[in-house]
Chemist: 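Here it is, the structure, as structure tokens.
Predicted model only: the values in this text are computed from it and were never measured.
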Amino acid sequence: MEIVKVNKGKHFLKKGDKLKGMFVILQGSVRAVAEQDEFVMNAGSMVGMLESISGSYVCDYVANTDCVFYAFPYQTTEDYKKIFAEEEKYVSVFAMGAMHQTAMLFQRYEVFYRKAQNYHQFFTKSFQSYQNFCSEYELPEKSSPKLKNFASLHLEEEIAPWAKEYYDRMSKLSLKGMDQLLARDPVIGIGQISNGVGWMEKAMRLIVLLKSYLKEQREMLLSADGDNLFRMYFELAKRAAVMGKEIAPIQQKISELMEFARGSGLFSEQLMNAGFAEYETYDFEGSKKGKSGDSEEEEPAEPYEEGIDYLTQILEYSDYEGEKAESFRKSLQEYKNLPDILATTDDVRRLRRKITDDFYSIYELVFFRSLEGGYMPTSVKMFLNFGFMDEELAGKENTRSLFEIAGRIKRCKAENVFTIYEWLLSVYKGENEPSRNEFDMDYTGYLNEQKKTGKITADQVPLLAKDNREKLKFELENMFVSTNRATYGKISTFCPILYKDDIIGTPEHMLITAQKANEALDEIRKIDFSLFFREVGFSDPEHEVNMEMIQKEVIPHIILMPNAGGKAMMWQETAGIKKDTHARFIFPILTAMDVGELMVEVCGRFRWEMCRKIQGVRWNDITEASLTSEYNDYIQYYRKNHDLSADAKEKIKNALYKSKNNYREVFVKDYQSWIRYESKGSFRLNKVARDIIFRYCPFNKTIRAELKVNPMYREMFEKYEILKDRKARHMILWYDRYQKKGGVITEDLQVNKDFYDM
């Protein structure tokens, strides 16, 4: 026997390894991780006893806390005799450990057995109720191959009741009582231990079966793919509501399903939130009136129908020429028949390119047709907003979900958030100017270039400059095409038609609503309060203010591209030459990525590019202090910087390698750490980077107050407060003079004043 100490978190015994010995836990606790199960072993338990017959570890053992063990050499049952010969009391100690561990595993078995029984009974009863509701409401049952495979709970063997009672009683004996019962007889002790180990192995085996059953069958009740009983009830309630029937009994049953799911411990919080969100926000009253319910302006929602030929509806609406339409159908069918739709061979790339070219031609025709007004089928809305064209490509359940989302697409619109269709509409109406193309050329520059190359005449330039239809074509052919591909994320396999493999979970869960986008934006603004503030000139000669610089916040426009992608882009830091115009952030309308993380990355790029725009050609001139010039200097000469440790220099070297020597991308990664970690007092940046970023991207007042106690921040914060107070005093003085001369503090001036209090 020897004493062994193991630090917290150490993986000290691995599953499958040959048995090294028996470890009695004196202090601390150990986490045993088995197939589909894990449990905690506390002081007094014996690590290795479960494996004493098999000869190899059936679990991974990880120290849950700092642990102290008695370690005994052990390989076969005969080794018990050597241990017991050394100290007779170990007979009862080891037997007691076996009783406790067996009783603990029996209790776990009982928990999972009851959970599986309860789940089976609840699901069976709920499915029967669904069938009864369908019959009562005279509505067809949804056909679900998955639910037909629902399995009954059946174990070929179970733990006998007498065994549970026996080990429960034995585990409650005192050590003295166990000593008297066994009379310190090694043979009796080994028998008790071996019997216990046999029951332990059986309990472990049954626990694995029960957990496997629950894992496989739980998707019948609630799953990410939408093919589940909860969804069937939801669809039933919607259909019944549209027909004007009383749906309270169905809603009561849905509440029971949600309550059971939340209390069962079978589903993740994320899955439940995603699965229940649409139901909890759905307007059944609006459905009764034939509305989808999110806005008074929302158009009447079409009832979903099976077997719609979406592609035909879209092509007919577009008036795509007969031969071209037929050619497109053939290409699409060939694409669907590919053995590997994501292949990158030359023939597949050519096919994908043809489909892509046709897609954008059809999109342009559909858009211009929509300007004529009149009825627009939901299939066309799905096409315009999601790139949907074919049910087989998108998946049946995804199509159903998109059909419903298209009826409530207003959720994706706000003053600063646009679906791609709404954005293009705003360009056509002259409310927004076209975006710059991928060569950073705006519409005016494009016309001048066309004139230089002789493609248009000088007389045509002023006419085209005012032609909103041509502006729209420029936006469609440039920003739309470029960013749709870029936000998809997988450039080599991009196809603009929505494909089911790009949808992870459900479209509803992936949907970026205006609320979701703005919440992500506001979370960053709360930390980096000056992010979207710019200095603009204010003058009022009538009241003796010739020119004062004030801070103005300009919230970016967020444009949602019609794809299921994984990237977001900062396309433009301003809409034109003026600094006080809106930036343009481009996101996919459907994404499995964290919107908050995408937004932080985009805001980091905005910070860099906005500084470059303001500084102009001197953006990297260190004699002109700015975020980009100082960061450029810091990265360029980091090897000679004595304020950086060897470790910090190595991290910068790795960051440059990962970003392919792009200084902006190094900054963006640091900015992400600044927002996500440094703002919470978790150090991720080196001293030099932290100092630069704070001076140009300071935290708000609340965060500064919380972090000021930390010496890593104190000096930076104190310098910042001195500079800020100096500017604030100047602002207060001229405000006072301005008001005395009869000037009025406008909303813009009040915003400027509030800025210095952030």
Chemist: Look at E573 together with K579 and state whether they make a salt bridge at an N to O cut-off of under 4.0 Å.
Modeler: no

Chemist: In terms of side-chain heavy atoms, does T487 have a donor or acceptor partner in N563 at a distance below 3.5 Å?
Modeler: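 Side-chain D/A pair, T487 to N563: present.
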
Chemist: Got more than 12 heavy atoms from elsewhere within 6.0 Å of CE, M593?
Modeler: no

Chemist: Is it the case that the side chains of Y446 and N478 hold a donor-acceptor pair, with the cut-off being a distance below 3.5 Å and no angle test?
Modeler: no

Chemist: Would E597 and R676 pass as an ion pair if we require N to O under 4.0 Å?
Modeler: yes

Chemist: If we check side-chain contact (heavy atoms from CB on, under 4.5 Å) with F386, which of these qualifies: T419, I409, L560?
Modeler: I409

Chemist: Heavy-atom count around K526 NZ within 6.0 Å, excluding the residue itself: above 12?
Modeler: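 At most 12 heavy atoms, drawn from other residues, nucleotides or ligands, come within 6.0 Å of this atom.
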
Chemist: Assess, by modelled atom type and distance only, whether the side chains of R329 and T312 contain a donor and an acceptor separated by less than 3.5 Å.
Modeler: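 There is such a pair between these side chains.
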
Chemist: Out of curiosity, I524 CD1 to R607 CZ, how far, rounded to the nearest 0.5 Å?
Modeler: 11.0 Å

Chemist: Are there over 12 heavy-atom neighbours, none belonging to K253, within less than 6.0 Å of that residue's NZ?
Modeler: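 More than 12 heavy atoms, drawn from other residues, nucleotides or ligands, come within 6.0 Å of this atom.
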
Chemist: Establish, for the pair K490 and F494, whether the NZ or CZ atom is under 6.0 angstrom from the six-membered ring centre and no further than 45 degrees off its axis.
Modeler: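 K490 over F494 ring: no.
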
Chemist: Check whether the ring centres of F383 and Y310 lie less than 6.0 Å apart, and answer yes or no.
Modeler: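 Between Y310 and F383, which both carry aromatic rings, the centre distance is not below 6.0 Å.
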
Chemist: More than 12 foreign heavy atoms under 6.0 Å from CD of E259: is that the case here?
Modeler: no

Chemist: What I want to find out is whether K354 reaches D358 closely enough, with some N-O distance under 4.0 Å, to be called a salt bridge.
Modeler: yes

Chemist: Will you find, in the side chains of Y443 and N437, an N or O donor that is under 3.5 Å from an N or O acceptor?
Modeler: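 There is no such pair between these side chains.
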
Chemist: Does the side chain of Q750 pick up a donor-acceptor pair with the side chain of D754 at under 3.5 Å?
Modeler: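 The answer is yes; a qualifying pair exists.
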
Chemist: Tell me whether R469 forms a cation-pi arrangement with F368, defined as NZ or CZ under 6.0 Å from the six-membered ring centre and within 45 degrees of its axis.
Modeler: yes

Chemist: Measuring centre to centre across the rings, with the benzene-like ring taken for any Trp, is F284 within less than 6.0 Å of Y282?
Modeler: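 F284 vs Y282: aromatic centres under 6.0 Å.
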
